[in-house]
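These numbers were taken from a predicted model, which means no experiment stands behind them.
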Amino acid sequence: MTNSFTPTTYDDLDPDRRPSLAAALVPIFAVVAFLGVGSAVLGLDPHAPLLWSIVIVGAFGLWLGYDWDELFDGISNGLVMGLQALLIIFTIYGLIATWVSAGTIPGLMYYGLEILSPTTFLPAAAVVAAVVAFAIGSSWTAVGTLGVAFVGIGAGLGVPAPMTVGAVLSGAYAGDKQSPLSDTTNLAAGVTNTDLYAHIRRMRTGTLAAFGIAVLGFLALGIRASGEIPAGRIAEIQGGLAETYAITLVAFVPLAVTFGLALRGYAALPTLVAGVFAGVFTTVLVQGTGFVAAWDAFMYGTAPESGSDLVNDLLATGGLTGSAWTITVVVAALSLGGILERTGVLAVIAHAFTSTVRSAGVLVAGTGISAIAINALTAQQYMSIVLPSVTLRNTYDEFGLDSDQLSRAVEAAGTPTGALFPWHAGAVYMTGVTGVPTLEYAPYFLFAFFSPLALFAMAATGYTIEATPTGAPPTTATTGIGDTAGDDD
């Protein structure tokens, strides 16, 4: 399971320790200030600003009357929510190293340079990533495997790495959102009590529109970026690859094992572990590396010594030990999210939002905005789905909106946008595996912008926001952000 606890709601809070809205906003502003100033102004890694934020929110909790054990429970809950992500990060770092040493990623780069051109590369990367993520149900796996290879191919074609990562992420998240195998898709359906396929159907229009616009954007970027490839660049890369690795179709066995298991519905973590073992044994059998050396690559990474500096840089990996920076950021961010949830800060702010809703359109748009905000504050996309869903389920019922409206809103805005915040678990992971800083790829992660924009456009126009009045709702809301819910008298 992705989570094993129910977030605190407004009614769950002890009235004697429930912060007012004004008080709840104080730690929020502090967190935003610390993260913003620390990262953007001081140029610090996220670790210190996250620690400052944990301390200030913890002090706020003590002021409210919570003791250390209760605050630690909140931290524990945050880590439980992100445990699967942490384990996947560990495994992916080792998997990438074994796939490099096995010749899998070098082989993908070698053949990719044969068939792709600078003009078509970006839209092709987005579409391929979408198909793969849809098939295996994991955006992270798609980015950590094929995405790494695409960065190398793009470098050979003269396409800037941030553009490549933006295209891969756009496709990976779009495919993930439509996959019945995706953990976030299943989570959004489950926590809102929505049929899985009803949830997927409800998301389809917005997802296709957002992804279609993104692909057109990448086509335009590809045309702009398609200057002359430096003479000999592709030959240099392919030569360096062929000198260092046995480039053969047999080297794709780890790819076949991993994606084959994923297509058969196996969970992400055991599937990735199987990919690690396949990578190690392919390294031994195909590349002629010793058994111990192959496992050393898994542990400590790869440092190829080919005749091409570009190949050496592209295929240098940190292995399992290289995940330490990423893991520590994610642990700190999850701890912050957990303590914000435990002290009731997020519940109070969510309650204030629901009390001001006057139309179905505002409710849907506000749900999307809250999912994005929770992504920024908790650094965990699971929390951005669970917390708004638990808080707003009754409100959707009161406005006569089916549960798939809620599940669509939290996933359309919550799932893709997390990777835009440098301290978020998704962003830290994407930067770690691709080597491109978040703020560099963010402008090109087009789907992360178009997906919530499509949701907001539908909320504003009332398109696909069908409300069926039930019982005695607080208003007679129908659709559209601009629609009032009835007489104010």
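- For the side-chain hydrogen bond (donor to acceptor under 3.5 Å, both in side chains) condition, the pairs that include at least one residue of residues 431-440, sequence neighbours left out, are Thr431-Thr438.
- Met430 places none of its side-chain heavy atoms less than 4.5 Å from the side chain of Val165.
- The side-chain hydrogen bond (donor to acceptor under 3.5 Å, both in side chains) check on Thr192 picks up Thr194, with sequence neighbours excluded.
- Taken from CG in Leu146 to CG in Leu255, the straight-line distance is 6.0 Å, to the nearest 0.5 Å.
- Every residue two or more places apart in sequence or in another chain that forms a side-chain hydrogen bond (donor to acceptor under 3.5 Å, both in side chains) with Ser101 is listed here: Thr283.
- Residues that satisfy the side chain to side chain contact (heavy atoms under 4.5 Å, CB included) test with Pro27, not counting sequence neighbours, are Val57, Phe60, Val345.
- Results of the side-chain contact (heavy atoms from CB on, under 4.5 Å) test with Trp99 over Val276, Thr258, Val148, Thr282 single out Thr258 as the only residue that passes.
- Between the side chain of Asp402 and the main chain of Gln405, no donor-acceptor pair closer than 3.5 Å is present.
- Ile372 is listed as a side-chain neighbour of Phe421, based on a closest heavy-atom distance under 4.5 Å.
- Taking the side chain as every heavy atom from C-beta outward, Val428 and Ile327 never approach each other to under 4.5 Å.
- A donor-acceptor distance shorter than 3.5 angstrom exists from the side chain of Ser170 to the backbone of Phe447, with no hydrogens or angles considered.
- For the side-chain hydrogen bond (donor to acceptor under 3.5 Å, both in side chains) test, no residue two or more places apart in sequence or in another chain qualifies with Thr321.
- Gly279 approaches Ala102 most closely through the heavy-atom pair O-CB, 3.4 Å.
- Residue Leu241 holds its CG atom at 11.5 Å from CD1 of Ile105, rounded to the nearest 0.5 Å.
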Problem set entry | Steps toward side chain to side chain contact (heavy atoms under 4.5 Å, CB included) verdict (Phe121, Thr164) | CA-CA 8 Å; Phe121 172 69; Thr164 301; 3.4 Å; yes
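- Between Ile465 and Arg408 the shortest side-chain heavy-atom distance falls below 4.5 Å.
- Expressed to the nearest 0.5 Å, how far CZ of Phe298 lies from OH of Tyr93 amounts to 13.5 Å.
- Counting all heavy atoms, side chain and backbone alike, Val128 lies closest to Phe150 at CG1-CZ, 3.9 Å.
- A donor-acceptor pair is defined here as one N or O able to donate and one able to accept, closer than 3.5 Å; such a pair exists between the side chain of Ser451 and the backbone of Ala412.
- Asn312 is linked by a side chain to side chain contact (heavy atoms under 4.5 Å, CB included) to Pro304, Ser306, Asp309, counting only residues two or more places apart in sequence or in another chain.
- The one candidate from Leu420, Thr417, Thr415, Ile385 that meets the side-chain contact (heavy atoms from CB on, under 4.5 Å) condition with Asn375 is Thr417.
- For the residue pair Met458 and Thr464, the shortest heavy atom distance occurs at SD-OG1, 3.4 Å.
- Under a 3.5 Å cut-off, the side chain of Thr343 and the backbone N or O of Ile339 do form a donor-acceptor pair.
- Not counting sequence neighbours, Phe211 has no partner by the ring pair (Phe, Tyr, Trp, His ring centres under 6.0 Å) test.
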For this session: Show your reasoning for whether side chain to side chain contact (heavy atoms under 4.5 Å, CB included) applies to Trp140 and Val433.
Result: CA-CA 10 Å; Trp140 285 29; Val433 298; over 6 Å; no
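- Counting only N and O atoms by type, the side chains of Tyr463 and Thr205 include no donor and acceptor under 3.5 Å apart.
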Exercise. Is there a side-chain hydrogen bond (donor to acceptor under 3.5 Å, both in side chains) between Ser117 and Thr120 once you walk through the steps?
Worked result: CA-CA 6 Å; Ser117 71; Thr120 61; 3.0 Å; yes
Problem set entry | Pair Arg201-Asp404, side chain to side chain contact (heavy atoms under 4.5 Å, CB included): steps then yes or no | CA-CA 9 Å; Arg201 287 192 298 271; Asp404 58 7; over 6 Å; no
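- Between Ala24 and Val348, the closest heavy-atom pair is CB-CG1, 4.0 Å.
- In this structure, the ring pair (Phe, Tyr, Trp, His ring centres under 6.0 Å) partners of Phe445, at least two apart in sequence or on a different chain, are Tyr173.
- Partner Thr185 forms a side chain to side chain donor-acceptor pair (under 3.5 Å) with one of Glu411, Gln178, Lys177, His199 and no other, that one being Glu411.
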Give every donor-acceptor pair under 3.5 Å between a side-chain atom in residues 259-275 and any protein atom, sequence neighbours left out.
from, atom 1, to, atom 2, distance (Å)
Thr271, OG1, Ala267, O, 2.7

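- Residues Ile153 and Leu108 come closest through the heavy atom pair CD1-O, 3.6 Å.
- The two residues Ala189 and Leu196 come nearest to each other via the heavy atoms CB-CA, 3.9 Å.
- In this structure, CG on Leu406 lies 8.0 Å from CG on Leu363, to the nearest 0.5 angstrom.
- A heavy-atom distance below 4.5 Å is not found between the side chains of Leu122 and Leu219.
- Taking OG1 from Thr302 and CG from Leu315, the interatomic distance works out to 6.5 Å, rounded to the nearest 0.5 Å.
- Crowding of Ile213 atom CD1: a count of heavy atoms from other residues, nucleotides or ligands under 6.0 Å exceeding 12.
- A search for ring pair (Phe, Tyr, Trp, His ring centres under 6.0 Å) contacts involving Phe449 returns nothing, not counting sequence neighbours.
- Listed by chain and residue number, nothing satisfies the side-chain hydrogen bond (donor to acceptor under 3.5 Å, both in side chains) test with Tyr429 (two or more places apart in sequence, or in another chain).
- With sequence neighbours excluded, the residues satisfying ring pair (Phe, Tyr, Trp, His ring centres under 6.0 Å) with Phe72 are Trp68.
- Between Asp176 atom CG and Leu169 atom CG the span is 11.0 Å, to the nearest 0.5 Å.
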For this session: Start with the C-alpha distance between Leu320 and Phe90, add both sets of side-chain angles, then the distance that settles side chain to side chain contact (heavy atoms under 4.5 Å, CB included), and finish with yes or no.
Result: CA-CA 6 Å; Leu320 192 66; Phe90 267 126; 3.8 Å; yes
